Participant: 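Sharing a structure here in structure tokens format.
Whatever order the structure lists ligands and atoms in, that order sets their numbers, starting from 1. This one's a predicted model, so the numbers in the text were calculated from it and none came from an experiment.
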Amino acid sequence: MLDLTLVAATDAALPTEPARVRHLIDGGWRDSADGATFERTSPAHGVVVTRAAKGGAAETDAAIAAARDAFDDGRWSELSGKARATLLLKVADLIDRDRERIACIETLEAGKPIAQARAEIEGAADIWRYAAALARTLSGESHNSLGPDMLGLVLKEPIGVAAIICPWNFPFLIVSQKLPFALAAGCTAVVKPSEMTPSTTAILGELLMEAGLPAGVVNIVLGHGEPVGAMMTTDPRVDMVTFTGSTAVGKAIVAAAAPTLKKVSLELGGKNPQVLFPDADLDSAIDAIAFGVYFNAGECCNSGSRIIVHEDIAETVTERVVALSRKVAFGDPLDEATQVGAIVSPAHQQKIDGYVKGAVAAGATVRLGGAPLDVPGLGGQFYQPTVVADVTPDMAIAREEVFGPVLSVLRFRTMDEAVELANGAAYGLSAGVWSENVHTCLEFTRRVRAGTVWTNTWMDGFAELPFGGMKESGQGRELGRYGLEEFLEVKTVQMRIGRTRAPWVTGRG
Ligand code: NDP
């Protein structure tokens with residue numbers, strides 16, 4: 001008997017007709033030239049919820065052309081920071097107005113709990129407001145100490161046309177970690193959401209148009225990585241690519257962008273460790289472990305998918321995590337009480353299960369879960385809360401991104417061992433340390449190679465703080481002032497004051 005907390009199917013009405021979604025190109029809504037469409041089935045409910053235009057070469061080409069023209073004629077980049085900020089603030093207000101509509105379709109397409117989707121949409125609106133503030137404070141440098149006859153200026157300019165390629169796990173939040181910063185900088189954009197979650201990005205396009213964004217500044221092409229994403233990363237009219245997704249596709253994008261030397265900004269996977277020292281506040285740590293691994297069903301680049309626990313407390317921690325995991329509410333994403341929803345696709349569910357089975361074959365022990373989950377009344381795909389102990393660093397489950405509700409437990413004895421285990425994965429996105437001793441926390445923080453380190457907490461996030469990874473977790477940063485810098489070019493201006501420059505050519509004699 002598994003003894004889990006399950007939330008059975010609600011009686012909430014599912015859509016009787018799929019939502020119709022189209023491309024946004026040069027300010028107009030378009031079907032594909034060849035009429036192609038694709039459907040999205042709700043992973044939790046097994047019903048078709050979206051029918052979207054499926055972009056091909058014609059739509060991608062038109063979207064890139066529109067973004068290029070819109071950038072080159074200055075209809076957006078030449079507006080004042082105040083004008084750009086005013087529009088971004090309007091968009092934030094419209095996101096708040098339409099929060100329920102956006103959250104509902106996000107829940108149906110992604111399978112995530114409705115309460116979580118609402119919080120994400122609120123968080124996204126906050127980021128649009130923060131980016132608006134940046135638009136008004138954007139500035140460069142002045143150098144007034146180069147001598148009496150010289151003034152140096154460093155101007156920040158928009159980089160140009162940005163290609164924005166997003167994944168399915170946080171569709172509205174992730175586009176909101178990129179697009180408002182691109183717009184604040186003065187860039188124009190072509191956006192491609194994942195083919196599994198097209199609708200909320202299309203709704204964002206509607207809100208941008210309603211707010212008065214000039215045509216062509218933001219273009220949205222729905223469809224697959226091939227050909228849409230591939231064209232966005234190779235076309236010479238695109239100046240930069242910003243991508244969130246798998247490390248494998250991130251590497252492919254760097255290679256694809258190389259011939260045209262585009263700037264590439266990448267937010268990729270993670271194998272994020274939480275390290276627990278014996279003096280940790282276990283009540284807080286164990287709750288954070290459950291949150292870290294089950295939030296968004298573990299389909300999260302920041303998932304706390306492995307814990308590295310001092311051997312003196314490892315057994316206690318494992319038992320307490322198993323007990324708490326049984327209380328986490330898995331089930332129908334449309335129920336307000338649900339904390340963990342469905343797995344995004346059958347293929348992904350199999351991939352998660354493969355990691356668990358592989359770990360068992362390699363000698364690990366499943367202490368809870370370890371199999372797909374049937375939720376009463378739902379025909380979709382779910383996975384049990386899973387805790388795997390006796391994991392060793394050589395196992396795939398300890399090194400690779402599982403992207404599911406699966407926790408690996410590893411043990412250590414000394415700080416050196418903890419740091420070595422934490423840094424042993426190819427990823428370097430996030431890490432956490434739990435200890436009541438500030439010296440222990442600081443030593444670990446300095447030695448771990450990760451873009452974000454949480455001490456005595458997990459997965460807090462703020463628009464003000466940069467986010468991104470070291471090593472194979474990516475390059476560049478989102479959010480904070482650094483998030484704006486990604487979309488800016490630097491231009492150096494050297495101004496001579498007066499006719500003071502000694503002639504270079506003096507002539508003979
Ligand atoms: P992908 O990296 O394949 O997809 C992310 C986005 O890139 C999608 O919009 C996808 O399009 C697009 N894409 C795919 N191929 C190309 C290409 N050659 N050029 C340009 N764009 C492309 O992620 P998956 O959905 O396949 O997930 C696989 C794994 O990736 C997960 O199991 C997880 O480990 C990791 N992942 C990490 C995320 C993160 O937040 N860092 C987010 C999502 C996944 P399409 O619509 O065709 O999928």
Participant: What is the nearest protein non-hydrogen atom to atom 18 (N) of ligand 1, stated with its residue, atom name and distance?
Facilitator: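 For atom 18 (N) of ligand 1, the nearest protein heavy atom comes out as Val249 CG1, 4.5 Å.
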Participant: Taking the side chain as everything from C-beta on, heavy atoms only, tell me whether Val238 gets closer than 4.5 Å to Lys262.
Facilitator: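 Val238 vs Lys262: side chains touch.
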Participant: Counting only heavy atoms closer than 4.0 Å, does ligand 1 sit against the backbone of Trp168, its side chain, both, or neither?
Facilitator: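 Near ligand 1, Trp168 shows its side chain, while the N, CA, C and O stay back.
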Participant: In terms of ring plane angle, is the pair Phe330 and Tyr294 parallel, tilted or perpendicular, where the classes change at 30° and 60°?
Facilitator: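 Because their plane-to-plane angle is over 60°, the rings of Phe330 and Tyr294 count as perpendicular.
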Participant: If you count heavy atoms of other groups shown closer than 6.0 angstrom to CD of Glu100, is the number above 12?
Facilitator: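 Above 12, so yes.
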Participant: Do the side chains of Arg101 and Glu206 get close enough for a salt bridge, i.e. N-O under 4.0 angstrom?
Facilitator: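 Salt bridge flag = yes for Glu206 with Arg101.
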Participant: Got the closest protein heavy atom to atom 12 (C) of ligand 1, with its distance?
Facilitator: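 Checked against all protein heavy atoms, atom 12 (C) of ligand 1 sits closest to Ile165 CG2, 3.8 Å.
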Participant: Are any of the side-chain nitrogens in Asp390 or Arg367 under 4.0 Å away from the carboxylate oxygens of its partner?
Facilitator: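 No, no charged N to carboxylate O under 4.0 Å.
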Participant: Would you confirm whether Trp76, through its side chain, and Leu183, through its main-chain N or O, come within 3.5 Å as a donor-acceptor pair?
Facilitator: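 Yes, Trp76 side chain to Leu183 backbone: donor-acceptor pair under 3.5 Å.
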Participant: Check for a donor-acceptor pair, side chain of Ser194 on one end and backbone N or O of Pro167 on the other, with a separation under 3.5 Å.
Facilitator: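 Such a contact is absent between Ser194 side chain and Pro167 backbone.
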Participant: Is there at least one pair of N or O atoms, one from Pro167 and one from ligand 1, spaced under 3.5 Å apart?
Facilitator: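 In fact, backbone or side chain, Pro167 has no N or O that close.
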Participant: At under 4.0 Å between heavy atoms, is it the side chain or the backbone of Lys351 that contacts ligand 1, or both, or neither?
Facilitator: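 Looking at Lys351 and ligand 1, just side chain atoms fall under 4.0 Å.
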Participant: For Asp31 and His23, does a side-chain donor sit closer than 3.5 Å to a side-chain acceptor?
Facilitator: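 Judged by distance alone, the side chains do not pair up.
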Participant: Atoms of ligand 1 less than 4.0 Å from Ser194 heavy atoms?
Facilitator: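 Within the 4.0 Å cut-off of Ser194, ligand 1 contributes 9 (O), 46 (O).
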Participant: Is the closest heavy atom of Phe170 to ligand 1 under 4.0 Å?
Facilitator: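 No; Phe170 lies far enough from ligand 1 that no heavy-atom distance drops under 4.0 Å.
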Participant: Gly225 to ligand 1: N or O pair under 3.5 Å?
Facilitator: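 Yes, at least one N or O pair falls under 3.5 Å.
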Participant: Nearest protein heavy atom to atom 9 (O) of ligand 1, by residue and atom, and its distance?
Facilitator: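 Going atom by atom, the protein heavy atom closest to atom 9 (O) of ligand 1 ends up being Cys166 O, 2.8 Å.
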Participant: What's the shortest distance from atom 11 (O) of ligand 1 to any protein heavy atom, and which residue and atom give it?
Facilitator: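 In this structure, atom 11 (O) of ligand 1 has Lys192 NZ, 3.0 Å as its nearest protein heavy atom.
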Participant: Which of the atoms in ligand 1, numbered in the order shown and given with their element, are less than 4.0 Å from a heavy-atom of His224?
Facilitator: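 Once the distances to His224 are compared, the set is 46 (O), 47 (O).
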Participant: Counting from 1, what ligand 1 atoms have a heavy atom of Glu267 closer than 4.0 Å?
Facilitator: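 What qualifies from ligand 1 is 41 (N).
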Participant: Among all protein non-hydrogen atoms, which one is nearest to atom 1 (P) of ligand 1, and what is the separation to 0.1 Å?
Facilitator: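 Among all protein heavy atoms, the one nearest atom 1 (P) of ligand 1 is Ser246 OG, 3.6 Å.
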Participant: Between Glu299 and ligand 1, which residue portion shows a heavy-atom distance shorter than 4.0 Å: side chain, backbone, both, or neither?
Facilitator: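 The answer is neither; Glu299 stays 4.0 Å or more away.
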Participant: Please check: side-chain N/O of Thr107 versus main-chain N/O of Lys112, any donor-acceptor pairing under 3.5 Å?
Facilitator: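 Checked: pair present.
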Participant: Of all the atoms in ligand 1, which lie at a distance below 4.0 Å from a heavy atom belonging to His348?
Facilitator: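 Within the 4.0 Å cut-off of His348, ligand 1 contributes 32 (O).
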Participant: Is atom 4 (O) of ligand 1 touching the protein, meaning some protein heavy atom lies under 4.0 Å away?
Facilitator: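 When distances to the protein are checked, atom 4 (O) of ligand 1 has no heavy atom within 4.0 Å.
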Participant: Aromatic ring centroids of Phe291 and Trp454 under 6.0 Å?
Facilitator: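 Ring centroids of Phe291 and Trp454 are no less than 6.0 Å from each other.
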Participant: Please write down residue, atom name and distance for the protein heavy atom closest to atom 34 (O) of ligand 1.
Facilitator: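 Protein heavy atom with the smallest distance to atom 34 (O) of ligand 1: Glu401 OE1, 2.6 Å.
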Participant: Please identify which atoms of ligand 1 are closer than 4.0 Å to at least one heavy atom of Glu195.
Facilitator: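 That gives atoms 45 (P), 46 (O), 47 (O), 48 (O) of ligand 1.
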Participant: Taking 4.0 Å as the limit for heavy-atom contacts, which would you say applies to Val228 with ligand 1: side chain only, backbone only, both, or neither?
Facilitator: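 The answer is neither; Val228 stays 4.0 Å or more away.
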Participant: Kindly indicate, with the supporting measurements, whether the criterion salt bridge (Lys or Arg N to Asp or Glu O under 4.0 Å) is fulfilled by Asp61 and Arg237.
Facilitator: CA-CA 10 Å; Asp61 182 67; Arg237 293 168 294 179; 2.6 Å; yes
Participant: Answer yes or no: is there a donor N or O on one side and an acceptor on the other, between the side chain of Gln339 and the main chain of Ala329, under 3.5 Å?
Facilitator: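 Answer holds: yes.
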Participant: Could you find the nearest protein heavy atom to atom 41 (N) of ligand 1 and give me its residue, atom name and distance?
Facilitator: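 That would be Leu268 O, 2.9 Å.
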Participant: So if I count the atoms of ligand 1 from 1 in the order they appear, which ones are less than 4.0 Å from some heavy atom of Gly223?
Facilitator: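 Numbered from 1, ligand 1 contributes 46 (O).
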Participant: Looking only at N/O atoms, are Asn169 and ligand 1 under 3.5 Å apart anywhere?
Facilitator: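 Yes.
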Participant: Looking at atom 38 (C) of ligand 1, what's its closest protein heavy atom, distance included?
Facilitator: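 Here the nearest protein heavy atom works out to Phe403 CZ, 3.5 Å.
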Participant: Flag yes if more than 12 heavy atoms outside Asp72 fall under 6.0 Å of its CG atom; otherwise flag no.
Facilitator: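 More than 12 heavy atoms, drawn from other residues, nucleotides or ligands, come within 6.0 Å of this atom.
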